[in-house]
2 protein chains.
Amino acid sequence: MRDHELPEVRRLPLFRNMLAENFESLMRASYAQTFPAQLEMVRQGDPADLLHIVVEGAVELFSEWNGHQSTMAVVRPVGSFILAACIKDQPYLMSARTMARTRIILVPASDIRSVFRRDMEFAVSCMNELAGCYRAVVRHAKALKLRNSHERIAAYLYRQSRYAGDVATFTLTVEKRLLASYLGMTAENLSRALKALEADGVKVDGSRVIITDREKLKAIARPDYLIDGPDWDGSTSGVALPFPRNEEG
Amino acid sequence: MRDHELPEVRRLPLFRNMLAENFESLMRASYAQTFPAQLEMVRQGDPADLLHIVVEGAVELFSEWNGHQSTMAVVRPVGSFILAACIKDQPYLMSARTMARTRIILVPASDIRSVFRRDMEFAVSCMNELAGCYRAVVRHAKALKLRNSHERIAAYLYRQSRYAGDVATFTLTVEKRLLASYLGMTAENLSRALKALEADGVKVDGSRVIITDREKLKAIARPDYLIDGPDWDGSTSGVALPFPRNEEG
DNA sequence: CGAACCCTTGACAGAAATCAACTAAGGTGG
DNA sequence: CCACCTTAGTTGATTTCTGTCAAGGGTTCG
């Protein structure tokens, strides 16, 4: 593991409150690894024995069924994933693949479980992390069930603009095909919907997004704290980032 | 609180491992209440200050946005809900209403938070509960994104039959309109889909479900452990029951 | 330069929502 | 007991939304 990495990991909400001694013990049991782009590092259904922490690059969490795939989340540095599977010692519900060359720290699930039994602060952090992840997925499900595709895209773009500081122009952080899958539609559909949204105050040119009429876009999106999440409260290691930094728990 | 209730609550995975003394302290701070049917007892967006435990009746968790509603889960005895909001001390993401006359035990969130800081077993139970709830919602989201409506219904009916002990005949535990909303479709659509499924090995007459060709139904449903959940592992107080007993955390 | 790959566009088919009407069952009150 | 009302569920007609298939433009990269 590299010198600068440890302090970064230590700063994660998940680890920042635990005893230094326990943190070090966890890290001694861990190891870092660098993966090339487009590598499927976790396969859904596999037994969960390692907590993953992304320190460089980006990871897509996705699901498969009957030949179809769906993007569930994107994890960026510094964020963790598959905490829940580790805690319950049960198979992964999602697969994970690198979106670029990615560096990951791998923490054995058994160490996680034994450390939180002797470090209450770590246990509390895990709980907060899990609760945050839970709430993030509930929001995702709410968006899928309550909004149609145009509304989901509008809300996504509006939120992105907010995160970027209420700017009128920004660039998409992910490929459109992935965004489409995340938002629960086909790439073709997203393409058409984006074109249609030009009448509603937002223009997309390549990966460049230009909000031409903020109020109009907002009227379509109807952003809602209980779906789109806080503007950014920093309480969890990643929920509600441009793309949620941390989703699996 | 009634005599028979305390032992039942104590038997919940969430409470069964904690020290008796702490359990009693929690319960002393709690109170029970009986609500009539169709009462909205929790409104999304409200501050979360009480953990709810259903000891009699049934509760629907649902979300609202822009005039539309969607059923997210049903909680039956003995199951808890809104643990996550209590732990994070943040507003409810879902509303709750009684489906029948319902008896609820209300545990102050502040007591929950203070007790799990001094009772590691309780903290571990909370974590397991949260992790279980998280996984349940991930499954729900996967079903919504990966299956179409016919497949979702088929999988639901197949699973119900499994829970009932692989029987060929059983009755629906919820109204069809609610089931439709839970499965992410309109009531009209559910009605038509059920009729269409008669060609695929299952007949529904009122609330009576008769599986006429198990293999045919299974072929449509393609049940998947990573979406439909375990047949029943008992590890959480409710995930994956006929209707998940416990979903919010 | 060619081969992938991403994105877009068009035409079409299929899925699902909406609107409206109607039935059946349960409950209420005369 | 019956007329009445309410509500869940069904059915049909229709529109809207969304996925699928096919083709082509533009980029990137070996």
Side-chain angles (χ1 to χ4, degrees), chain A residues 36-39 60 65-71 97-101 143-154 157 171-200 203-209 220, chain B residues 36-38 58 60 62 65-71 74 97-101 143-157 171-200 203-209 220:
Chain A
Q38 296 305 322
L39 185 99
E60 174 193 4
W65 181 79
N66 195 22
H68 293 267
Q69 293 195 345
S70 182
T71 302
R97 70 184 148 216
T98 53
M99 296 164 65
R101 187 179 161 81
L144 290 168
K145 295 182 85 171
L146 292 168
R147 299 210 262 231
N148 64 28
S149 63
H150 285 219
E151 291 162 343
R152 291 200 295 275
I153 297 169
L157 295 177
T171 55
L172 295 174
T173 56
V174 293
E175 285 180 354
K176 285 186 185 158
R177 47 180 20 257
L178 191 151
L179 178 58
S181 179
Y182 176 69
L183 294 175
M185 68 191 79
T186 59
E188 294 96 323
N189 223 326
L190 173 64
S191 191
R192 279 186 263 266
L194 287 177
K195 175 164 283 189
L197 281 175
E198 285 186 17
D200 300 307
K203 191 168 181 327
V204 180
D205 176 34
S207 66
R208 187 147 210 78
V209 180
I220 301 287
Chain B
Q38 295 305 321
E60 174 193 3
F62 66 101
W65 181 79
N66 195 23
H68 293 269
Q69 293 195 346
S70 182
T71 302
V74 168
R97 72 184 147 216
T98 53
M99 296 165 65
R101 186 181 164 80
L144 290 169
K145 296 182 84 171
L146 292 167
R147 300 211 262 230
N148 65 24
S149 63
H150 285 220
E151 291 161 343
R152 292 200 295 276
I153 298 169
Y156 178 83
L157 295 177
T171 56
L172 296 173
T173 58
V174 294
E175 286 180 354
K176 284 183 186 161
R177 44 166 42 251
L178 190 152
L179 178 58
S181 179
Y182 176 71
L183 294 175
M185 68 191 78
T186 59
E188 294 95 322
N189 223 325
L190 173 63
S191 191
R192 280 185 263 266
L194 287 177
K195 175 167 284 188
L197 282 175
E198 285 185 17
D200 300 308
K203 192 170 179 326
V204 179
D205 176 34
S207 66
R208 188 147 211 79
V209 180
I220 300 288

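To find a chain, count down the sequence lines: A is the first, B the second, and so on, and within it residues start at 1.
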Rounded distance (Å) that lies between atom [atom2] of [N] and atom [atom1] of [X]:
X      : N      : atom1 : atom2 : result
B:L194 : D:dT10 : CG    : C1'   : 11 Å
A:E175 : D:dT28 : CD    : P     : 13 Å
A:K145 : C:dA16 : NZ    : P     : 14 Å
B:L178 : D:dT7  : CG    : P     : 16 Å
A:L179 : C:dT8  : CG    : C1'   : 15 Å
A:Q38  : C:dA4  : CD    : P     : 16 Å

Check against side-chain contact (heavy atoms from CB on, under 4.5 Å), A:L194 and A:L157: CA-CA 10 Å; A:L194 287 177; A:L157 295 177; 4.1 Å; yes
Close side-chain approach of A:V204 and A:K176, heavy atoms under 4.5 Å: yes
Flag if over 12 foreign heavy atoms under 6.0 Å of CG, A:D205: no
Closest non-hydrogen atom pair between B:Q69 and A:L146, with its separation: C-CD2, 3.8 Å
Nearest heavy atoms of A:T71 and B:K145, plus distance in Å: O-NZ, 2.7 Å
Worked verdict on A:L179 versus A:I153 for side-chain contact (heavy atoms from CB on, under 4.5 Å): CA-CA 9 Å; A:L179 178 58; A:I153 297 169; 6.0 Å; no
Contact state string [nucleotides 12-26 of chain D, B base, S sugar-phosphate only, - no protein heavy atom under 4.0 Å]: BB----SSBB-----
